[in-house]
Protein chains: 2
Amino acid sequence: MAKTQSSDEMGTLSSKDLETVIRGADLRPTRQRLALANLLFAKGNRHITAEILHTEALDAGVKISLATIYNNLHQFTDAGLLREVVVDASKSYFDTNTLPHHHFFYDEEQRLEDIPDGQIRVENIPDIPEGYNISEVGVIVRLSRS
Amino acid sequence: MAKTQSSDEMGTLSSKDLETVIRGADLRPTRQRLALANLLFAKGNRHITAEILHTEALDAGVKISLATIYNNLHQFTDAGLLREVVVDASKSYFDTNTLPHHHFFYDEEQRLEDIPDGQIRVENIPDIPEGYNISEVGVIVRLSRS
DNA sequence: GAGTAGTTTAGAATATTTCTAAATTATTGA
DNA sequence: TCAATAATTTAGAAATATTCTAAACTACTC
Ligand SMILES: [Mn+2]
Ligand SMILES: [Mn+2]
Ligand SMILES: [Zn+2]
Ligand SMILES: [Zn+2]
């Protein structure tokens with residue numbers, strides 16, 4: 001079950017399943033890594049910064065350093081469990097939804113939100129230069145209070 | 001003539017015209033500011049970082065500090081002569097094309113390029129929450145060497 | 001359990017950007 | 001033209017996010 005779940009639907013994984021996911025990524029299920037996996041994957045999609053994840057971990061009583069937060073965010077990203085979304089010049093967001101999809105970004109709140117898949121379509125992407133391939137097509141719809 | 005040109009077509013402005021543009025933005029045509037305007041607007045569209053613009057200025061023999069580069073990039077942006085594009089987590093790009101348009105981003109070269117306007121269409125943007133308005137719709141097509 | 005490889009960590013280092021406060025320059029208008 | 005004023009530039013310090021280093025710790029293997 002856990003093996004075939006894509007990362008945009010890991011919303012109901014038990015700690016047991018998370019350990020399986022972590023081992024599947026060739027990583028050891030340490031106390032810190034399991035705690036982060038829980039915060040990230042145990043309840044629906046998230047778009048989160050390193051600093052906020054750190055605060056959440058500390059609030060949950062998990063003793064963990066910021067360096068470990070960064071290490072794990074990158075390891076999860078390399079393993080395809082997360083993806084990095086660049087919307088803000090000053091910090092990176094990590095997204096638990098690794099399927100292709102687009103985003104709303106709420107300027108004032110600095111908050112990222114998925115646009116339900118299938119909603120937006122990008123048409124007429126021009127030919128790309130010889131020797132290149134498209135690695136991602138990302139749409140960001142920026143919203144401000146009106 | 002210069003007065004009505006939009007910033008995506010300032011490719012042929014003389015120094016005289018640039019001074020007019022600068023004064024029109026309520027800024028003083030200082031040596032440094034004119035030099036930067038020349039580098040930015042005198043030859044077609046550009047997507048440039050502060051650091052690279054600084055290097056170009058120094059290479060052109062213009063004595064200018066990095067703080068002044070940042071000051072002017074932000075002043076030009078506030079005046080609507082530039083716009084900031086966020087594609088890379090580690091640095092900001094400033095775009096001389098201020099009309100709505102989309103981008104290719106060449107991952108390896110860290111280079112931004114305009115997608116000719118009218119090419120890409122974004123369809124089916126979902127309803128946005130009450131109290132918000134769309135400030136920008138940006139598409140980034142990331143390209144990597146294949 | 002010993003060995004080893006992976007992990008965590010504090011703290012230092014880096015990189016980009018912004019800030020501060022003082023010196024310089026452009027503008028205004030008497 | 002010149003003095004007064006306001007804008008601009010600048011060096012250097014500071015802020016921020018992120019990465020690196022190297023040592024301590026922990027998980028896994030046999
Ligand atoms: Mn990264
Ligand atoms: Mn800025
Ligand atoms: Zn997302
Ligand atoms: Zn552009």
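Fair warning: this is a prediction, and the values are worked out from it, not measured in the lab. Values below: every heavy atom of this structure, side chains too, minus hydrogens, waters and symmetry copies. Each chain gets a letter, A, B and so on, in the order the sequences are listed, and its residues count up from 1.
Residue pairs meeting the ring-ring contact (aromatic ring centres under 6.0 Å, His included) criterion with at least one member in residues 114-146 of chain A, sequence neighbours excluded: A:Y132-B:Y106.
When the ring pair (Phe, Tyr, Trp, His ring centres under 6.0 Å) test is applied to A:F104, no partner is found at least two apart in sequence or on another chain. A:R33 meets the salt bridge (Lys or Arg N to Asp or Glu O under 4.0 Å) test with no other residue; sequence neighbours excluded. Remark: A:H47 pairs with A:H103 by the ring pair (Phe, Tyr, Trp, His ring centres under 6.0 Å) rule, at least two apart or across chains.
Mapping A:K63 and B:S90 onto DNA chain C by nearest heavy atom places A:K63 closer to the 5' end of the strand. Comparing A:N71 and B:E51, the nucleotide of DNA chain C nearest to each residue sits closer to the 5' end for A:N71.
In this structure, A:L34 places its CG atom 18 Å from P of C:dG6, rounding to the nearest Å. Between B:L58 atom CG and D:dT10 atom C1' the separation is 13 Å, expressed in whole Å. Atoms CG (B:L66) and C1' (D:dT8) sit 16 Å apart, rounded to a whole Å. Look at CG on A:D88: it is 14 Å from C1' on D:dT18, rounded to the nearest Å. Distance, B:L73 CG to C:dT18 C1': 13 Å, rounded to whole Å. The distance between atom CD1 of A:I22 and atom P of C:dG6, rounded to the nearest whole Å, is 17 Å. A:L36 places its CG atom 13 Å from the P atom of C:dT7, with the value rounded to the nearest Å. Rounded to an integer number of Å, the gap from CD1 of B:I69 to C1' of C:dT16 is 14 Å.
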Protein heavy-atom contacts under 4.0 Å, written 5' to 3' over nucleotides 20-30 of chain C as B (base), S (sugar-phosphate only) or - (none), form the string ------BS---
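Of the candidates C:dT9, D:dT9, D:dA17, the closest approach to any side-chain atom of A:K91 belongs to D:dA17.
Among the heavy atoms of the strands lying under 4.0 Å from B:I64 are primed sugar atoms or P, OP1, OP2 only; no base atom is included.
The side chain of B:Q32 contributes an N or O atom lying less than 4.0 Å from OP1 or OP2 of D:dT10. Phosphate contact (OP1/OP2 of D:dT9, side-chain N/O of B:N72, threshold under 4.0 Å): present. Dashed line: the shortest gap from a side-chain N or O of A:S65 to OP1 or OP2 of C:dT9 is under 4.0 Å. Side-chain nitrogen and oxygen atoms of A:H74 include none within less than 4.0 Å of the OP1 or OP2 phosphate oxygen of D:dT18. In terms of phosphate contacts, A:Y70 brings a side-chain nitrogen or oxygen within less than 4.0 Å of OP1 or OP2 of D:dT18. For D:dT18, one of the phosphate oxygens OP1 or OP2 lies less than 4.0 angstrom from a side-chain nitrogen or oxygen of A:S92.
Between A:R121 and B:E123, at least one side-chain N (NZ, or NE/NH1/NH2) sits under 4.0 Å from a carboxylate O, which counts as a salt bridge.
Other members of the cluster containing B:V86 are A:V86, with ILVMFWY side chains joined at under 4.5 Å, either directly or via other members.
Nearest heavy atoms, A:D88 versus A:Q110: OD2-OE1, 3.1 Å.
No side-chain donor from either of B:D117 and B:H102 sits under 3.5 Å from a side-chain acceptor of the other.
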